[in-house]
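Beneath this line is the structure, given in structure tokens, with notes to follow.
Each chain gets a letter, A, B and so on, in the order its sequence line appears, and its residues count up from 1.
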Protein chains: 2
Amino acid sequence: MSDAPARVTIREVARDTGLSTSTVSRVLTGARAVSPEVAERVRESAERLGYRADPIGRSLRTRRTDTLGLVIPDVMNPFFPQLVQAVEYAARQRGLAVLIADASNDPEAERAALRTLVDRRVDAVLISPTHLTASRDALTEAAKAVPTIQLDRVIDPELPFVRADQGGPVEAIVRHLEATKRRRLAFIGQRITISTSVERERAFQRLMGEHFPGEPLRVVTAGMSADSGRAAARDILSSWPETDAIICANDLIAVGVLQELGGRAARREVAISGFDDTLLARALHLTSVRQPVERMADAALDLVAARATQAAIELDSEVIFRLSTT
Amino acid sequence: MSDAPARVTIREVARDTGLSTSTVSRVLTGARAVSPEVAERVRESAERLGYRADPIGRSLRTRRTDTLGLVIPDVMNPFFPQLVQAVEYAARQRGLAVLIADASNDPEAERAALRTLVDRRVDAVLISPTHLTASRDALTEAAKAVPTIQLDRVIDPELPFVRADQGGPVEAIVRHLEATKRRRLAFIGQRITISTSVERERAFQRLMGEHFPGEPLRVVTAGMSADSGRAAARDILSSWPETDAIICANDLIAVGVLQELGGRAARREVAISGFDDTLLARALHLTSVRQPVERMADAALDLVAARATQAAIELDSEVIFRLSTT
DNA sequence: ATGAAAGCGCTAACAC
DNA sequence: GTGTTAGCGCTTTCAT
């Protein structure tokens with residue numbers, strides 16, 4: 001197995017064709033005009049010899065690595081695989097590879113990951129910061145060294161970002177609930193250190209004021225687990241037994257609520273919605289919000305290509321209505 | 001933002017200390033004996049100047065990239081984030097970065113991904129092959145160029161692999177079911193192109209023969225979705241209405257079965273088990289099999305470090321018994 | 001124990 | 001349009 005079958009270098013192609021390495025390079029990178037006949041000769045030879053340009057040599061010279069760094073807060077959070085897949089795909093389209101780093105929800109690990117990526121001279125960094133405040137310094141530092149784009153979560157509006165609208169979908173859900181005659185809405189948020197979750201909660205508060213001005217603000221907090229969602233649901237129902245709809249900041253919480261309120265997805269007393277449209281939502285017929293990860297990834301990579309140093313892009317999210325809010 | 005704040009090179013450290021670049025290099029890589037006093041001087045200077053060795057230059061010289069390629073069949077399959085996390089962690093411990101490629105369940109994409117990784121001269125490739133047969137050639141080809149280790153899924157026993165025992169946990173489940181007086185067991189498998197799924201099914205067949213020789217073989221197939229699990233459950237119950245336990249090849253299928261048999265997790269007529277211990281299982285109190293991803297990743301990276309060209313490592317899986325098999 | 005010099009594979013200035 | 005030359009940043013002979 002393995003053990004270097006002596007790679008073909010550009011020099012061998014040059015020798016084989018009787019041309020200079022520069023010419024070969026030009027043909028293969030398309031950097032400058034080359035006579036079609038020579039070009040053909042080079043391509044044939046390269047093909048025949050099985051030449052594949054060494055990215056290391058190239059990078060050393062060009063200062064590009066054709067590699068993107070992607071820092072996510074937590075691979076196990078089922079939203080981020082969606083993002084990873086979208087970024088990978090968009091990057092591949094553009095001939096870029098992706099170095100993925102998982103911060104494990106830990107700002108220190110995140111800082112270390114950023115440093116590694118910068119050291120490795122990735123062409124750009126896409127990051128969904130772990131923490132609303134604690135991620136800040138590392139982010140700023142990285143941005144000094146390499147084009148850095150916030151993706152999904154945004155903690156520094158001065159730096160370029162691509163995110164999904166978080167308020168819009170909450171509004172769509174609230175309107176839908178209103179249309180189906182619910183008005184005693186509650187909200188279960190996540191930790192207040194997560195930018196998207198905060199935005200979801202703010203939207204809820206604003207919308208309650210606008211749509212149901214007399215109603216109390218039924219808001220509690222839960223962690224990233226179904227059990228914690230169950231507990232939150234109990235809290236809500238004991239504080240506000242009249243509640244007839246619960247909007248959750250993510251699907252996992254919503255699943256907990258679903259369990260607490262009596263398993264089976266079906267037309268129900270209390271409407272429930274989640275966030276992120278994970279396989280949980282699909283499996284359990286839970287209304288949820290799907291962020292446009294593909295378009296987000298695309299937009300982010302366009303920013304990279306354009307070397308944008310400023311950008312504020314917000315894309316629309318989509319609510320997938322299912323049985324749980326019927 | 002960004003735009004190269006002129007990186008500090010090894011030459012500047014050399015100049016600053018009045019030493020040669022070789023000596024600086026030796027201190028920083030620990031390649032050879034250096035007088036402690038000089039070493040200290042170098043380290044101080046490097047620290048002060050903010051020197052960070054450029055991995056590109058280093059790689060060009062050493063032919064190492066300190067980077068690992070990881071090819072997974074599908075990021076959206078909730079098992080693989082577990083594997084990604086474990087590999088990332090184990091790699092970081094050893095100072096390696098990880099290039100992740102998602103094959104999207106497509107052998108062609110997988111072949112392309114492998115080629116990219118080889119081109120980039122990753123030090124080793126870890127791969128969980130998409131397809132039992134269609135992944136073969138690309139795997140063989142990659143293994144010629146770079147140490148390649150099969151992780152989790154195994155399609156070529158001649159090449160090094162690290163996997164989890166698939167038969168053991170099925171046996172543990174069958175025994176547990178037998179102990180709780182079930183004997184009319186059924187199995188729902190996945191596509192027969194996935195190595196692990198095939199192994200799970202074979203184990204089931206063997207165990208039925210051993211434990212319940214008179215019973216018919218109740219086996220059907222489902223895709224990677226809850227809906228398809230529901231359909232499979234219907235098939236089973238119409239063909240063999242006496243069925244009192246269903247073992248599923250993954251959690252998503254099990255969730256479908258759970259729904260079909262009447263939502264709520266609880267002590268039930270028909271016991272249900274899944275595979276992979278994903279958040280679905282945890283959220284829905286589903287008995288499931290947890291593969292030892294951390295130990296698998298560790299073992300794989302040990303093989304990489306040892307430059308093993310042959311290895312067959314199988315680790316024990318663990319069944320997490322929950323409400324669904326009570 | 002340290003230094004000088006070569007060179008990994010590639011592309012970009014600069015000639016012509 | 002093509003060739004010559006230099007050099008990206010590093011490690012590693014080969015000297016001393």
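Going from atom CZ of B:Arg41 over to atom C1' of C:dG3 covers 14 Å, rounded to whole Å. To the nearest angstrom, P of D:dT13 lies 9 Å from CZ of B:Arg32.
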When you check every protein heavy atom under 4.0 Å of nucleotides 7-12 of chain C, what one-letter string (B, S, -) results, 5' to 3'? BBBBBB
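When each of B:Arg11, B:Arg41, B:Arg48, B:Arg43 is checked for a salt bridge (Lys or Arg N to Asp or Glu O under 4.0 Å) with B:Asp16, only B:Arg48 meets the rule. A side chain to side chain contact (heavy atoms under 4.5 Å, CB included) with A:Ile127 is found for exactly one of A:Leu151, A:Leu117, A:Leu139, namely A:Leu139.
Shortest non-hydrogen contact noted between A:Asp152 and A:Thr196 is O-CG2, 3.8 Å.
Of the N and O atoms on the side chains of A:Tyr89 and A:Gln93, at least one donor lies less than 3.5 Å from an acceptor on the other residue.
Residue B:Leu19 has its side chain nearest to C:dT2 when only D:dG1, D:dG3, C:dT2 are considered.
B:Asp102 and A:Arg92 are not joined by a salt bridge, as no carboxylate oxygen comes within less than 4.0 angstrom of a charged side-chain nitrogen.
Distance check: A:Thr65 OG1 to A:Asp123 CG gives 3.5 Å after rounding to the nearest 0.5 Å.
A close approach under 4.0 Å does occur between a side-chain nitrogen or oxygen of B:Ser20 and OP1 or OP2 of C:dG3.
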